[in-house]
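Note sheet for the following structure.
The residues of the chain are indexed from 1 along the displayed sequence.
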Amino acid sequence: QVHLVESGGGFVQPGGSLRLSCAASGFTLDDYGIGWFRQAPGKGREAVSCISRIDDSTYYAGSVEGRFSISRDRAENTVYLQMNSLKPEDTAIYYCATTELPYCRLVVAPTYGHWGKGTQVTVSL
């Protein structure tokens with residue numbers, strides 16, 4: 001069965017950076033697109049970024065475009081989310097999830113079938 005593990009979260013001051021990792025075990029991420037999502041306390045889950053299965057095309061929510069960058073390391077079977085210029089409103093638990101669709105979409109939907117358990121990101125003074 002698929003297993004995804006997020007890591008790299010932590011505490012940073014506004015303007016700082018973090019690099020999140022989404023590591024797969026028991027399967028290859030080459031067969032999937034990957035989405036990054038986040039959920040702040042008391043809020044719904046929000047799509048942040050994704051990288052597609054077919055051509056590695058990438059998409060970003062308007063709130064993070066220009067600050068975040070998603071990438072894939074096929075040799076390491078890992079997808080990354082580089083987060084720069086972090087803001088307090090980026091504080092959330094960040095999750096990664098798989099999709100078999102050829103092109104990913106920035107939606108929280110059943111097309112994302114397998115989820116990790118999340119990593120906490122806190123941006124604060």
- Message: Please check: side-chain N/O of Thr99 versus main-chain N/O of Gly33, any donor-acceptor pairing under 3.5 Å?
- Response: no
- Task: Would you check if the side chain of Thr119 reaches a backbone N or O of Gly9 as a donor-acceptor pair within less than 3.5 Å?
- Result: yes
- Query: What's the spacing between Phe11 CZ and Thr122 OG1 if we round to 0.5 Å?
  - Reply: 7.5 Å
- Task: Any pair with a residue in residues 40-54 that passes salt bridge (charged side-chain N to carboxylate O under 4.0 Å, His left out), sequence neighbours left out, goes on the list, sorted by first then second residue, please.
- Result: Arg38-Glu46
- Sorted by first residue and then second, give each salt bridge (charged side-chain N to carboxylate O under 4.0 Å, His left out) pair with at least one member in residues 92-121; sequence neighbours left out. none
- Query: Ile54: what forms a side-chain contact (heavy atoms from CB on, under 4.5 Å) with it, not counting sequence neighbours?
  - Reply: Pro102, Tyr103
Would you say the side chain of [Y] lies within less than 4.5 Å of the side chain of [X], judging by non-hydrogen atoms?
| X | Y | result |
| --- | --- | --- |
| Asp56 | Arg72 | yes |
| Tyr80 | Ile70 | no |
| Tyr94 | Gln120 | no |
| Pro14 | Lys87 | no |
| Leu81 | Ser49 | yes |
| Phe68 | Leu86 | yes |

Minimum heavy-atom separation for [X] and [Y], please, with both atom names.
| X | Y | value |
| --- | --- | --- |
| Ile51 | Thr58 | CG1-CG2, 3.9 Å |
| Ala61 | Ala47 | CB-O, 3.7 Å |
| Cys96 | Ile34 | CB-CG2, 4.2 Å |
| Ser17 | Ser85 | OG-N, 4.3 Å |

- Query: Does one side chain, of Thr78 or Asp73, offer a donor that lies under 3.5 Å from an acceptor on the other?
  - Reply: no
- Note on the structure: So the disulfide bond (SG atoms under 2.5 Å apart) pairs with at least one residue in residues 31-80 (sequence neighbours excluded) are Cys50-Cys104
- Query: How is the hydrophobic cluster of Tyr112 composed, in terms of its other members, when Ile, Leu, Val, Met, Phe, Trp and Tyr link through side-chain heavy atoms under 4.5 Å apart, directly or indirectly?
  - Reply: Phe37, Ile93, Tyr95, Val108, Trp115
- Query: Val48 and Val12: same hydrophobic cluster, using ILVMFWY side-chain contacts below 4.5 Å?
  - Reply: yes
- Connected via hydrophobic side-chain network under 4.5 Å: Tyr60 and Val79: yes
- Item | Worked verdict on Ser52 versus Ser57 for side chain to side chain donor-acceptor pair (under 3.5 Å) | CA-CA 5 Å; Ser52 293; Ser57 56; 3.0 Å; yes
May I have the list of side-chain donor-acceptor pairs in residues 18-32 shorter than 3.5 Å, sequence neighbours left out?
from	atom 1	to	atom 2	distance (Å)
Ser25	OG	His3	ND1	3.4
Thr28	OG1	Asp30	N	3.2
Asp30	OD1	Arg74	NH1	2.7

